[in-house]
Amino acid sequence: MEEISLFGSVSWAALRCGLSRETFRKKRPQMETDGFPRPDKITGTYLKADVDAWIERRRQVPDRINEARADTPEEEFNFDRI
């Protein structure tokens, strides 16, 4: 069920963050201060997309985007020189 559910348990959230359940329990207040999502009020579980978004925001190295190439028009071939 956990694989298809959009919500994850405390154990899932801890593992997703690379922490043991005990370490997650200890660090959770600090993580929540830094924007980590709180459990859903109705289900008591974590919305997986929110946990993944929090992890993504913590990235320090963005994906490499070759913006220079995207901004530079491709060189046109001059058929008049043939």
Side-chain angles (χ1 to χ4, degrees):
M1 181 71 156
E2 181 113 355
E3 291 177 19
I4 61 170
S5 176
L6 298 177
F7 287 89
S9 65
V10 172
S11 294
W12 175 88
L15 288 173
R16 192 70 170 166
C17 293
L19 303 171
S20 69
R21 248 184 99 124
E22 181 63 22
T23 302
F24 179 76
R25 185 187 65 75
K26 289 177 183 176
K27 292 185 179 272
R28 195 173 85 181
Q30 180 183 0
M31 292 166 68
E32 287 177 353
T33 298
D34 197 38
F36 190 81
R38 289 183 166 81
D40 181 78
K41 292 179 183 179
I42 296 172
T43 65
T45 57
Y46 291 91
L47 185 60
K48 290 178 178 180
D50 287 350
V51 172
D52 288 343
W54 181 81
I55 293 169
E56 186 66 25
R57 283 192 306 272
R58 297 193 53 80
R59 289 186 60 184
Q60 296 180 26
V61 179
D63 288 331
R64 182 175 178 189
I65 300 173
N66 193 346
E67 293 176 11
R69 185 171 184 207
D71 293 339
T72 305
E74 290 186 27
E75 184 177 324
E76 293 184 23
F77 187 80
N78 187 349
F79 287 101
D80 294 332
R81 296 181 75 184
I82 298 178

[X] and [Y]: which non-hydrogen atoms are nearest, and at how many Å?
{"X": "D40", "Y": "I42", "result": "OD2-N, 3.0 Å"}
{"X": "R16", "Y": "V51", "result": "CG-CG1, 4.1 Å"}
{"X": "E32", "Y": "P37", "result": "OE2-O, 4.4 Å"}
{"X": "L6", "Y": "L47", "result": "O-CD1, 3.6 Å"}
{"X": "G35", "Y": "R57", "result": "O-NH2, 3.8 Å"}
{"X": "Y46", "Y": "R38", "result": "CE2-C, 4.0 Å"}

- Show the numbers, then the answer: is there a side-chain contact (heavy atoms from CB on, under 4.5 Å) between C17 and K27? CA-CA 11 Å; C17 293; K27 292 185 179 272; over 6 Å; no

- What distance do S20 atom OG and K26 atom NZ have between them, rounded to the nearest 0.5 Å? 8.0 Å

- Separation between CZ (F36) and CD1 (I55), nearest 0.5 Å, reads 6.5 Å

- Kindly indicate whether the side chain of P39, heavy atoms from C-beta on, has any atom under 4.5 Å from the side chain of R28. yes

- Item | Over 12 non-hydrogen atoms of neighbours within 6.0 angstrom of CD in Q30 | no

- Item | Verdict with supporting geometry, D34 and W54, side-chain contact (heavy atoms from CB on, under 4.5 Å) | CA-CA 9 Å; D34 197 38; W54 181 81; 4.2 Å; yes

- Would you check, one step at a time, whether the test side-chain contact (heavy atoms from CB on, under 4.5 Å) holds for S5 with W12? CA-CA 11 Å; S5 176; W12 175 88; over 6 Å; no

